[in-house]
Amino acid sequence: MKDKVTIHTLKRLKQSGQKITMVTAYDATFAHVFDEAGADVLLVGDSLGMVIQGHDSTLPVTMDQMVYHSLAVNRGTKRALVVTDMPFMSYQVSVEEAVRNAGRLVAEGKAGAVKLEGGAEFADVISAIVRASIPVMGHLGLTPQSVHKMGGYVVQGRDEDAANKILEDALALERAGCFSLVLEGVPLELGRQITQRLSIPTIGIGAGRYCDGQVLVCYDLLGMNPDFKPKFVKRYANLHGSITEAVGAYFSEVRAGTFPDEEHSFKSKPIRLVTAPPESTTDAPAEGAEKMGPVYGAPV
């Protein structure tokens with residue numbers, strides 16, 4: 001196994017020009033597969049609210065749920081750095097509560113770092129979490145927890161003022177102590193400029209090829225939902241089709257009675273089952289009669 005990935009590894013990758021690979025994971029099985037495939041970072045995203053729980057946003061996800069999934073991913077991971085999202089309202093209320101919740105993700109969820117959304121307005125929160133020795137990854141651009149404020153899932157930073165605001169926020173998060181930054185849903189040129197200005201790695205999702213790394217939701221790149229087709233997603237497999245075909249074949253064999261066959265059944269030596277004696281016609285055994293045990297009617 002290669003050396004364990006840390007926040008210092010990611011900085012060295014940026015300095016050397018080697019791209020960082022990041023993908024979401026929500027359970028131990030997928031984490032194990034992605035870890036073996038060479039992921040540098042596994043993101044336990046609050047996107048689980050949509051792809052796992054079936055919500056139309058990430059907003060209903062709770063701290064307890066993030067701790068649960070973070071711990072599951074950690075169990076399946078040996079090399080990759082596990083970064084866990086801080087869910088909606090886990091860090092917005094107060095600095096003290098933010099530090100406490102970040103601590104839960106590390107202590108209970110075994111995360112190697114936490115990620116939170118927002119710009120300069122959360123610099124004090126980030127600084128406090130970092131002072132508690134918890135690494136923080138920032139997240140700018142299209143921030144799903146602010147979906148109502150943004151008026152939907154729309155590209156951010158298209159005009160000059162909006163682009164400058166995102167750049168200023170990125171610099172503020174770096175000063176606050178973030179070790180890395182996710183840029184989501186911003187124009188390619190803005191992603192390039194921010195990446196060049198920062199000394200910390202940028203991870204893009206719909207932010208163009210100039211970022212220091214890329215992240216995608218695992219279900220998207222694996223083609224699990226054929227109805228979800230955002231511009232920034234490339235499908236590297238069609239698991240929806242493969243799984244539908246496999247499960248359909250299983251259903252057909254069950255209905256036809258061809259599964260399970262002898263190959264998929266257990267065998268043993270011939271056995272003789274002891275039958276129970278006829279039921280007594282009296283409530284109590286006759287005097288001198290043997291008392292019957294509770295198992296197979298064996299005498300006691």
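When reading the values below, keep in mind they use all heavy atoms of this one structure, side chains included, and skip hydrogens, waters and symmetry mates.
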Anything under 3.5 Å between a donor and an acceptor, one on a side chain of residues 150-163, the other on a protein residue two or more places apart or in another chain? List them.
residue : atom : partner : partner atom : Å
Q156    : NE2  : V154    : O            : 2.9
D159    : OD1  : D161    : N            : 3.2
D159    : OD1  : A162    : N            : 2.8

For the CZ atom of F34 and the SG atom of C218, what is their distance to the nearest 0.5 Å?
4.0 Å
Whether the side chain of T77 engages the backbone of A80 through a donor-acceptor N/O pair (distance < 3.5 Å, no angle test) should be reported.
no
With no hydrogens and no angle check, do the side chains of H32 and D35 hold a donor and an acceptor under 3.5 Å apart?
no
With K19, which residues qualify under side-chain hydrogen bond (donor to acceptor under 3.5 Å, both in side chains), at least two apart?
none
When clusters are formed by joining ILVMFWY residues with side-chain heavy atoms under 4.5 Å apart, either directly or through shared neighbours, do I52 and L216 land in the same one?
yes
Side-chain heavy atoms under 4.5 Å apart, restricted to Ile/Leu/Val/Met/Phe/Trp/Tyr: what other residues fall into the cluster of L71, or is it alone?
none
Between R197 and Q193, a side-chain donor and acceptor under 3.5 Å:
no
Result block: side-chain N/O donor-acceptor pairs under 3.5 angstrom for residues 173-186, not counting sequence neighbours:
residue : atom : partner : partner atom : Å
E174    : OE2  : S199    : N            : 2.8
E174    : OE2  : S199    : OG           : 2.4
E174    : OE2  : I200    : N            : 3.4
S180    : OG   : P201    : O            : 3.0
E184    : OE1  : H139    : NE2          : 2.9

State, without any angle test, whether T24 and Y26 hold a side-chain donor-acceptor pair at a distance under 3.5 Å.
yes
Identify whether F88 and V136 are in the same connected component of the hydrophobic contact network (ILVMFWY, side-chain heavy atoms under 4.5 Å).
no
All heavy atoms of N238 vs all of G223, minimum pair found to be OD1-O, 3.9 Å
Applying side-chain hydrogen bond (donor to acceptor under 3.5 Å, both in side chains), can you list everything that pairs with Q145, at least two apart in sequence or on another chain?
D46, Y91, Q92
So does R79 pair up with D3, basic N to acidic O under 4.0 Å?
no
Before you tell me yes or no, could you show the steps for D220 and N225 under side-chain contact (heavy atoms from CB on, under 4.5 Å), namely the whole-Å CA-CA distance, both residues' side-chain angles and the distance that decides it to 0.1 Å?
CA-CA 7 Å; D220 295 344; N225 182 0; 5.6 Å; no
Please check if any side-chain donor atom of D40 sits under 3.5 Å from a side-chain acceptor atom of T21, or the reverse.
yes
Does some side-chain heavy atom of Q53 sit less than 4.5 Å from a side-chain heavy atom of L48?
yes
Across all chains, not counting sequence neighbours, the side chain to side chain contact (heavy atoms under 4.5 Å, CB included) partners of A120 are D169, A172
For P230, side chain to side chain contact (heavy atoms under 4.5 Å, CB included) partners two or more places apart:
F228, F232, V233
The side-chain hydrogen bond (donor to acceptor under 3.5 Å, both in side chains) partners of H148 (sequence neighbours excluded) come to none
Atom OG1 of T84 and atom NE2 of H69: how far apart are they, to the nearest 0.5 Å?
11.0 Å
Counting neighbours of NZ on K165 that are heavy atoms of other residues, nucleotides or ligands and sit closer than 6.0 Å, is the number greater than 12?
yes
Could you give the side-chain donor-acceptor pairs of residues 96-103 under 3.5 Å, partners two or more places apart or in another chain?
residue : atom : partner : partner atom : Å
N101    : ND2  : S90     : O            : 2.7
N101    : ND2  : E97     : O            : 3.3

Once you round to the nearest 0.5 Å, how far does CZ of R75 lie from NZ of K110?
10.0 Å
Are V41 and I134 connected in the hydrophobic side-chain network, where two residues link if heavy atoms are under 4.5 Å apart?
yes
Side chains of S47 and Y219: is there a donor and an acceptor less than 3.5 Å apart?
no
Would a 4.5 Å heavy-atom cut-off, applied to side chains only, mark I20 and T9 as touching?
no
Please report the shortest heavy-atom distance between V23 and A39, naming the atom on each side.
CG1-CB, 4.4 Å
Is there a donor-acceptor pair closer than 3.5 Å between any side-chain N or O of D261 and the backbone N or O of H264?
yes
Cluster membership besides F266, Ile/Leu/Val/Met/Phe/Trp/Tyr side chains within less than 4.5 angstrom, sorted by chain and number, is none
Shortest non-hydrogen contact from V73 to D27?
CG2-N, 3.6 Å
Check whether any side-chain heavy atom of F30 sits under 4.5 Å from a side-chain heavy atom of L222, and report yes or no.
yes
Could you tell me the separation between the CG atom of L81 and the CG atom of L10, rounded to the nearest 0.5 Å?
6.0 Å
Rounded at 0.5 Å granularity, tell me how far CE in M137 sits from CD in E117.
13.0 Å
Listed by chain and number, what are the side chain to side chain contact (heavy atoms under 4.5 Å, CB included) partners of D56, not counting sequence neighbours?
none
Okay, side chain of E253, backbone of Y250: is any donor-acceptor separation there less than 3.5 Å?
no
same_hphob_cluster(V33, V44) at 4.5 Å side-chain heavy-atom cutoff:
yes
Taken to the nearest 0.5 Å, the spacing of T58 OG1 from D85 CG works out to 8.0 Å
Partner set under side-chain hydrogen bond (donor to acceptor under 3.5 Å, both in side chains) for Q214, not counting sequence neighbours
none
Decide whether M66 and M50 are clustered together by the hydrophobic rule: side chain heavy atoms of Ile, Leu, Val, Met, Phe, Trp, Tyr closer than 4.5 Å, transitively.
no
Partner of V83 under side chain to side chain contact (heavy atoms under 4.5 Å, CB included), chosen from V215, L43, L42, I7:
L43
Between L239 and M224, the two heavy atoms sitting closest are CB-SD, 3.5 Å
